[in-house]
S.K.: 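Quick one: this structure, given as structure tokens, is what I'll be asking you about.
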Amino acid sequence: MLKLYNTRTRRVEEFRPLHPPHVRIYVCGLTPSAEPHIGHFRTYLFFDVLRRYLEHLGYDVRYVQNVTDIDDRSIARAMDTGEHWYDIVRGFYAMFKDAWRKLGLLPLDAHNEPYATRFIPQIQIMISELIGRDLAYVARDGIYYRVSKFAGYGALSNRNLEELQAGARIEIDEFKEDPLDFALWKFAKPGEPNWPFEGYGAGRPGWHIECSAMARELLDQEGCGFDIHGGGADLIFPHHENEIAQSEPLMRSPPMSNFWVHGGLLLHESKKMSKSLGNFEPVGGLLERHDPQAIRLLFLQTGYSKVMNFTEGSITAAAAGLQRLKATYRSLALAGAPSTPQSSGALVARIEQVMGEDMNTAAAIAELHRGAAPEEFGQFIYALQLLGLSPSQQWMEHAQLELPDDLAQKLVRELGPTVALNGAEPQEAVAHVIALRTKARAQKDWTESDRLRDALARAGVALEDSKDGTTWTVRP
RNA sequence: GGCGACGUAGCCAAGUGGUAAGGCAGAGCUCUGCAAAAGCUCCAUUCCCCAGUUCGAAUCUGGGCGUCGCCUCCA
């Protein structure tokens with residue numbers, strides 16, 4: 001049982017696949033024309049958990065997430081820098097995939113990660129069909145969709161044409177019939193990348209048509225729709241509205257997607273992160289400073305569809321919460337509780353109850369914070385995995401981050417050259433200082449003992465004494 | 001101007017009619033040479049404001065105030 005908020009109907013509805021046990025999902029992916037930011041990952045982390053949860057419910061999920069590897073911005077950037085436009089795309093997309101892996105998202109591969117430029121024939125066929133239906137026309141600089149011809153335009157975003165006309169901003173393009181019309185194909189200007197289009201002219205696809213064409217090709221060749229179409233809330237208009245306009249008139253049985261699910265935007269200093277404002281927080285730097293699982297936990301602690309304000313301090317707070325989850329895990333593991341993941345039982349049932357209500361991951365995490373009985377350990381682990389927070393060996397060591405490379409130098413600076421650390425590996429340096437401290441403690445030389453501990457602390461290494469000896473962890 | 005979302009403790013946040021989850025921070029205790037880590041305990045008579053509906057409202061209705069988003073490339 002899963003209820004989901006459906007943007008199309010503006011209601012929370014029970015999710016039922018069109019063709020159980022298959023579930024087909026299309027999520028709008030990245031346009032790699034700028035550095036990927038943390039806002040992107042709020043959306044994809046949510047769909048990752050949705051995917052996991054649908055699989056938990058026993059569905060066979062086909063998840064497709066596209067790559068918009070051709071767009072105006074990367075071309076403009078190439079003109080500025082002199083790089084090849086596709087090197088720019090490749091570079092940013094590699095950064096995206098690197099963060100994707102670090103954050104533990106379920107993998108994308110050739111079958112569920114279509115690139116727009118590899119679907120040019122399908123895009124062109126679709127454009128031809130739209131022209132044939134009088135839903136598109138050829139203008140001087142490109143081929144446009146004739147919005148006034150599609151009666152359903154505005155249904156998804158709850159707008160009507162009059163409102164849109166009234167609110168339309170000044171139109172730069174002189175060649176369109178109507179300011180609301182949007183490009184399906186842009187004829188190439190000199191020096192721009194282009195693909196031939198028999199009968200019309202070489203150029204490149206507009207932004208919206210690729211999704212319609214790829215969704216049809218990969219998820220809905222019968223023209224009867226698929227189950228879930230997702231993306232960030234900023235895509236509702238115009239992108240998803242335009243996708244519907246392109247796809248539904250050509251379908252045997254609309255709607256294009258039964259459910260439309262949108263992730264709430266992530267704000268930065270109470271403003272939306274966007275390419276045009278340039279106020280985004282790149283994900284790469286955050287992943288160097290924080291445990292990726294803390295970032296995941298942070299997002300899952302807020303309802304997926306709510307607007308959320310991002311601060312780096314909130315990751316630190318989430319990291320502290322993650323430590324508690326790890327501590328629960330550790331104490332159960334050390335107590336010898338059976339650790340085989342268990343997909344059913346009372347604890348999992350409580351998780352299902354809240355997740356079933358429009359994916360209430362925050363309540364699910366609250367449930368995990370209440371702890372688990374030893375016999376529920378397997379369920380506890382299963383629930384963590386369901387949220388993408390798979391425990392690793394690191395959880396037993398409650399390590400937070402890697403040791404800094406320059407640790408030995410830092411320690412020499414703190415402690416003075418009398419300590420023989422020059423050139424030592426970070427691990428050795430820590431072990432050496434701990435050994436010195438253990439000796440001092442044995443002689444009850446608390447001053448020296450505390451001096452060594454403070455020096456390590458300032459270098460980012462926290463000590464923990466126990467009956468069995470001294471252990472350490474890295475703290476930012 | 002049109003459309004929409006949100007406003008819950010110091011901070012983040014769940015909760016859509018039955019009497020306020022959870023996390024962070026903070027306080028106390030246990031443990032410790034002292035710490036740290038861990039554990040335990042405490043921490044909103046109250047949910048932006050004002051009216052109303054109801055036996056009963058954070059939750060429903062109306063009206064304010066405030067913040068943000070979409071209407072332009074955007075996850």
S.K.: What one-letter contact string describes nucleotides 5-16 of chain B from 5' to 3', where B marks a base within less than 4.0 Å of any protein heavy atom, S marks contact via sugar-phosphate atoms alone, and - marks no contact?
M.R.: -SS-----SSS-
S.K.: Cut-off 3.5 Å, side chains only: do A:E243 and A:W260 have a donor facing an acceptor?
M.R.: no
S.K.: List for me each residue that meets ring pair (Phe, Tyr, Trp, His ring centres under 6.0 Å) alongside A:Y63, sequence neighbours excluded, and say none if there are none.
M.R.: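 If we apply the ring pair (Phe, Tyr, Trp, His ring centres under 6.0 Å) test to A:Y63, skipping adjacent residues, there are no hits.
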S.K.: Go through the structure and list residues passing side-chain contact (heavy atoms from CB on, under 4.5 Å) with A:R453, not counting sequence neighbours.
M.R.: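 Per chain and number, A:R453 pairs via side-chain contact (heavy atoms from CB on, under 4.5 Å) with A:R437, A:D450, A:L463, A:D465.
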S.K.: Could you please name the option among B:A75, B:C24, B:C68 that lies closest to any side-chain atom of A:D234?
M.R.: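 The listed nucleotide nearest to A:D234's side chain is B:A75.
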S.K.: With RNA chain B as reference, determine whether A:H239 or A:S270 sits nearer its 5' end, using the nearest nucleotide of each.
M.R.: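 The residue whose closest nucleotide sits nearer the 5' end is A:S270.
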S.K.: If pairing requires Watson-Crick or G-U wobble contacts with both distances under 3.5 Å, which nucleotide is the partner of B:C24?
M.R.: B:G10
S.K.: Quick one: sort the A:F182 and A:Y145 rings into parallel, tilted or perpendicular, breaks at 30° and 60°.
M.R.: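 It falls in the parallel class, under 30°.
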S.K.: Using the P atoms only, state how far B:C11 lies from B:C47, rounded to an integer number of Å.
M.R.: 16 Å
S.K.: Check residues 265-272 of chain A and write down every donor-acceptor pair under 3.5 Å in which the side-chain atom is one partner and the other belongs to a residue at least two apart or another chain.
M.R.:
| from | atom 1 | to | atom 2 | distance (Å) |
| --- | --- | --- | --- | --- |
| A:H268 | ND1 | A:N279 | O | 3.1 |
| A:H268 | NE2 | A:E281 | OE1 | 3.3 |
| A:K272 | NZ | A:D234 | OD2 | 3.4 |

S.K.: Just checking A:K444: base, sugar-phosphate only, or nothing, at a heavy-atom cut-off of under 4.0 Å?
M.R.: nothing
S.K.: For the residue pair A:T9 and A:R11, confirm or rule out a side-chain donor-acceptor distance under 3.5 Å.
M.R.: no
S.K.: Under the ring-ring contact (aromatic ring centres under 6.0 Å, His included) test against A:F259, which residue among A:F15, A:Y5, A:F226, A:Y26 passes?
M.R.: A:F15
S.K.: Do nucleotides 34-43 of chain B as a string where each nucleotide becomes B, S or -: B if the base has a protein heavy atom under 4.0 Å, S if just the sugar-phosphate does, - if no protein is that close.
M.R.: BBBSSS----
S.K.: Given that both distances must come in under 3.5 Å, which nucleotide forms a Watson-Crick or G-U wobble pair with B:A5?
M.R.: B:U67
S.K.: Parallel, tilted or perpendicular for A:H37 and A:H40, by the 30°/60° rule?
M.R.: parallel
S.K.: Under 4.0 Å, heavy atoms only, any strand: does A:Y44 hit a base, just the sugar-phosphate, or nothing?
M.R.: sugar-phosphate
S.K.: Quick one: which of B:C70, B:C3, B:C68 gets closest to the side chain of A:F237?
M.R.: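 Comparing B:C70, B:C3, B:C68 against the side chain of A:F237, the answer is B:C70.
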S.K.: Within the structure shown, what part of the strands sits under 4.0 Å from A:G313 by heavy-atom distance: base, sugar-phosphate, or nothing?
M.R.: nothing
S.K.: Do the rings of A:F96 and A:Y44 sit parallel, tilted or perpendicular, given the 30° and 60° boundaries?
M.R.: perpendicular
S.K.: Is there a Watson-Crick or G-U wobble partner for B:U46 with both distances under 3.5 Å, and which nucleotide is it?
M.R.: none
S.K.: Base, sugar-phosphate alone, or nothing: which one does A:A366 contact when heavy atoms must sit under 4.0 Å apart?
M.R.: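 Answer is base: heavy atoms of A:A366 come under 4.0 Å of a base.
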S.K.: Hunt down the Watson-Crick or G-U wobble partner of B:C34, both distances under 3.5 Å, from any strand shown, or write none.
M.R.: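 Matched B:C34 with nothing under the 3.5 Å cut-off.
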S.K.: Sort out the partner of B:C55 for me: Watson-Crick or G-U wobble, both distances under 3.5 Å, none otherwise.
M.R.: B:G18
S.K.: Quick check on RNA chain B: between A:T316 and A:G232, whose nearest nucleotide comes earlier from the 5' end?
M.R.: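 Looking at RNA chain B, the more 5' nearest nucleotide goes with A:T316.
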S.K.: Using a cut-off of less than 4.0 Å, is there contact between a side-chain N or O of A:H369 and OP1 or OP2 of B:G22?
M.R.: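 Answer no for this pair, as no side-chain N or O of A:H369 is under 4.0 Å from OP1 or OP2.
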S.K.: Return the residues of residues 89-106 of chain A meeting this criterion: a heavy atom under 4.0 Å from some atom of RNA chain B. Order them by number, or give none.
M.R.: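 None, since no heavy atom is under 4.0 Å.
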